[in-house]
Number of protein chains: 2
Amino acid sequence: MTSITSVTRAPRLSDEVARQLTAAIRSGEFAPGARLPSEKELAERFEVSRMVVREAMSRLKSDELVDTRQGLGAFVSAEPGKSLFRLEPDPAIVKDLHDIFQLRVAVEGAAAGLAAVRANRSELAAMRACLREMKVSVAGREDDIEADNRFHATIARASRNPYFDRFLTFLGANLHGAIAKARSNTAARHPSSVLAVQAEHEAVFAAIERRDAPAAEAAMRRHLSAAMERLGLGPFTGARS
Amino acid sequence: MTSITSVTRAPRLSDEVARQLTAAIRSGEFAPGARLPSEKELAERFEVSRMVVREAMSRLKSDELVDTRQGLGAFVSAEPGKSLFRLEPDPAIVKDLHDIFQLRVAVEGAAAGLAAVRANRSELAAMRACLREMKVSVAGREDDIEADNRFHATIARASRNPYFDRFLTFLGANLHGAIAKARSNTAARHPSSVLAVQAEHEAVFAAIERRDAPAAEAAMRRHLSAAMERLGLGPFTGARS
DNA sequence: ATCTCCAGCTTGTATGATAACCGGTCAGCA
DNA sequence: TGCTGACCGGTTATCATACAAGCTGGAGAT
């Protein structure tokens with residue numbers, strides 16, 4: 001038995017219907033404000049039950065692409081996705097990567113400033129533990145970058161602003177894959193670079209520990225800006241193009 | 001017929017179920033990876049039909065909060081909200097409003113800093129026009145706050161980072177209603193407050209015009225922080241609770 | 001001409017049934 | 001004992017049908 005592969009699970013019908021409707025709306029086939037065909041008609045057109053159409057519509061409503069009113073019908077939203085922020089799953093273009101990272105620098109810098117004011121004892125201890133872990137671990141090992149991520153996550157949480165926390169988690173998840181790729185493209189980390197990272201982290205933590213918000217923000221920005229350059233993305237405020 | 005008010009349309013049941021489930025997941029009541037109660041059980045608990053639960057689940061799936069598998073059940077995603085960032089449509093709680101506004105302060109401050117470096121001549125002219133318009137318009141008029149919004153939007157665009165622009169537009173759309181409400185609750189704007197706003201705007205613009213990024217960022221933060229206080233939301237770095 | 005009311009469309013909700021799928025149980029067998 | 005495989009209960013996915021509630025437009029009454 002050669003060339004076995006993982007079976008492709010049959011996609012849910014509602015997913016497929018939602019996908020096609022979304023594409024139709026985004027392509028302009030249904031103009032903003034226009035009325036969509038009725039659920040009954042869509043069900044017949046897609047050859048599915050009305051319930052499948054309703055589940056697909058439910059998703060479009062949650063994405064604010066359509067708006068339904070009982071007795072009237074479903075209408076394409078005037079401003080699709082105005083209250084929804086979503087990034088492309090894999091920003092391959094370097095410029096996008098740069099811009100997203102720049103946004104992260106701004107937000108995480110501010111988060112560090114807040115953390116300097118608000119971090120409690122246990123959060124400080126958690127940061128300290130991460131620093132120690134990174135120092136003893138062999139540079140470039142898995143647990144090394146894992147502790148790195150935890151250090152940043154702890155600061156985000158210590159900002160005591162769940163929106164900072166959530167947004168940074170969101171950005172981090174979107175950047176993760178691209179960063180890993182950029183890392184492998186870049187020359188292997190020099191020992192000097194590892195030392196620099198450690199020094200930057202400690203500068204951030206020192207400022208937080210002594211409750212110096214502006215210094216913490218500045219240190220975090222320096223750290224992330226340096227990280228951008230290490231990844232070959234240019235500095236925070238770059239005179240790009 | 002006295003004291004007429006806009007009728008409150010009965011909310012859809014699936015919206016309410018989705019809201020409660022989302023809150024339960026975000027609050028950690030259902031840990032990541034945990035299995036949710038079955039649709040049948042949820043339907044009984046919420047006292048709705050199973051179909052309503054399914055529509056709510058469909059929304060959570062599209063938000064990547066849960067993942068369902070036929071025959072097994074629905075499970076909380078390991079990393080909720082990985083490729084999607086959304087806010088509750090109407091943050092009524094003051095603390096949420098404060099936290100979201102704080103995020104805006106951080107991002108828009110950085111955007112002003114970038115704009116100081118990157119704004120071109122036409123963008124500077126647009127900002128200047130907004131300032132002039134706000135000065136001559138009667139304080140508190142519609143066109144006044146409209147020019148205000150345009151001033152901020154121009155700065156966001158001048159940052160030349162579409163993600164800053166998009167994210168600030170997104171936050172603005174989410175804060176708009178709440179701000180309007182907070183405004184009406186607060187005592188009517190004093191003329192002195194109007195003058196203060198104008199002075200803050202001009203400080204921001206002056207720093208951008210002379211290409212002083214740190215000053216532009218600081219001025220924007222001062223402006224937005226003052227705006228938060230005018231709306232009764234407390235300062236940027238507040239020792240809340 | 002204007003008003004009232006209702007038929008007929010829409011979406012929202014409920015109910016019941018069937019199919020596909022999964023995990024565990026347990027009799028049957030070597 | 002240890003393994004296999006059919007079976008069972010529970011779950012999601014889908015379908016079909018019915019009724020409730022909201023809206024529109026026109027027939028019919030005034």
Side-chain angles (χ1 to χ4, degrees), chain A residues 1 5-22 24-25 30-78, chain B residues 1 5-22 24-25 30-31 33-78 89:
Chain A
M1 196 202 287
T5 174
S6 67
V7 293
T8 59
R9 199 175 299 279
R12 284 174 287 248
L13 292 181
S14 55
D15 283 7
E16 181 61 17
V17 171
R19 201 189 58 75
Q20 288 200 36
L21 284 178
T22 300
I25 290 174
F30 296 109
R35 184 173 165 283
L36 294 164
S38 73
E39 293 176 353
K40 182 188 182 68
E41 189 175 339
L42 287 175
E44 290 170 0
R45 190 178 304 183
F46 286 113
E47 294 183 336
V48 296
S49 77
R50 192 180 148 216
M51 181 170 168
V52 170
V53 173
R54 278 191 65 77
E55 282 194 24
M57 286 294 228
S58 180
R59 291 179 43 166
L60 299 200
K61 275 187 287 187
S62 113
D63 281 6
E64 304 200 355
L65 264 111
V66 305
D67 190 32
T68 66
R69 277 182 57 195
Q70 187 174 177
L72 265 179
F75 300 84
V76 179
S77 249
Chain B
M1 195 200 291
T5 173
S6 69
V7 294
T8 58
R9 198 175 300 277
R12 285 175 286 249
L13 292 182
S14 54
D15 283 7
E16 181 62 16
V17 171
R19 202 188 59 75
Q20 289 200 35
L21 284 178
T22 301
I25 289 174
F30 297 109
R35 184 172 164 285
L36 293 157
S38 72
E39 292 177 353
K40 182 188 181 72
E41 190 175 338
L42 287 175
E44 289 169 359
R45 192 178 303 182
F46 285 113
E47 293 183 336
V48 296
S49 77
R50 195 181 144 221
M51 182 167 169
V52 170
V53 174
R54 277 192 64 78
E55 282 194 23
M57 285 295 226
S58 177
R59 289 178 46 163
L60 299 200
K61 275 186 289 187
S62 126
D63 285 6
E64 302 192 3
L65 270 145
V66 304
D67 190 33
T68 65
R69 278 182 55 196
Q70 186 174 176
L72 265 180
F75 300 84
V76 179
S77 268

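Chain A is the first sequence line, chain B the second, and so forth, proteins listed ahead of strands; every chain is numbered from 1. Below, each value reflects all heavy atoms present in this structure, side chains not excepted, and no hydrogens, waters or symmetry copies.
Partners of Gln70(B) by side-chain contact (heavy atoms from CB on, under 4.5 Å), not counting sequence neighbours: none found. For Leu13(A), the side-chain contact (heavy atoms from CB on, under 4.5 Å) test picks out Val48(A), Val52(A), with sequence neighbours left out. For Arg69(B), the salt bridge (Lys or Arg N to Asp or Glu O under 4.0 Å) test picks out no residue, with sequence neighbours left out. The side-chain hydrogen bond (donor to acceptor under 3.5 Å, both in side chains) check on Glu41(A) picks up Arg45(A), with sequence neighbours excluded. For Glu44(A), the salt bridge (Lys or Arg N to Asp or Glu O under 4.0 Å) test picks out no residue, with sequence neighbours left out. For Arg35(B), the side-chain hydrogen bond (donor to acceptor under 3.5 Å, both in side chains) criterion is met by no residue, not counting sequence neighbours. Shown here are the salt bridge (Lys or Arg N to Asp or Glu O under 4.0 Å) partners of Asp15(A), two or more places apart in sequence or in another chain: Arg12(A), Arg59(A).
Under the 4.5 Å side-chain criterion, counting only non-hydrogen atoms from C-beta, Val17(A) is not in contact with Leu42(A).
Computed from coordinates, the Leu13(B) CG to dA20(D) P distance equals 16 Å when rounded to whole Å. Taking atom CG of residue Leu36(B) and atom C1' of nucleotide dG10(D), one finds them 16 Å apart after rounding to whole Å. One can place CZ of Phe75(B) at 11 Å from P of dT11(D), the figure rounded to the nearest angstrom. Residue Glu39(B) contributes atom CD, which lies 10 Å from atom P of dT11(D) at whole-angstrom precision.
In this model, the phosphate group of dA13(D) is approached by a side-chain N or O of Thr68(B) to a distance below 4.0 Å at OP1 or OP2.
Under the 3.5 Å distance criterion, the side-chain polar atoms of Ser58(B) are matched with a main-chain donor or acceptor of Glu55(A).
We find the CG-CG distance between Leu65(A) and Leu21(A) to be 10.0 Å, quoted to the nearest 0.5 Å. Once rounded to the nearest 0.5 Å, the distance linking CZ of Arg54(B) with OG of Ser49(B) reads 11.0 Å.
Mapping heavy-atom proximity under 4.0 Å, the span of DNA chain C touched by chain B runs 5' to 3' from dG12(C) to dG23(C).
With the nearest nucleotide of DNA chain D identified for both Arg69(B) and Leu72(A), Arg69(B) has the one nearer the 5' end.
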Check nucleotides 7-9 of chain D for protein N or O atoms closer than 3.5 Å to its own N or O atoms and list the pairs.
none

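The stretch residues 44-56 of chain B touches DNA chain D through Arg50(B), Arg54(B), each having a heavy atom under 4.0 angstrom from the strand.
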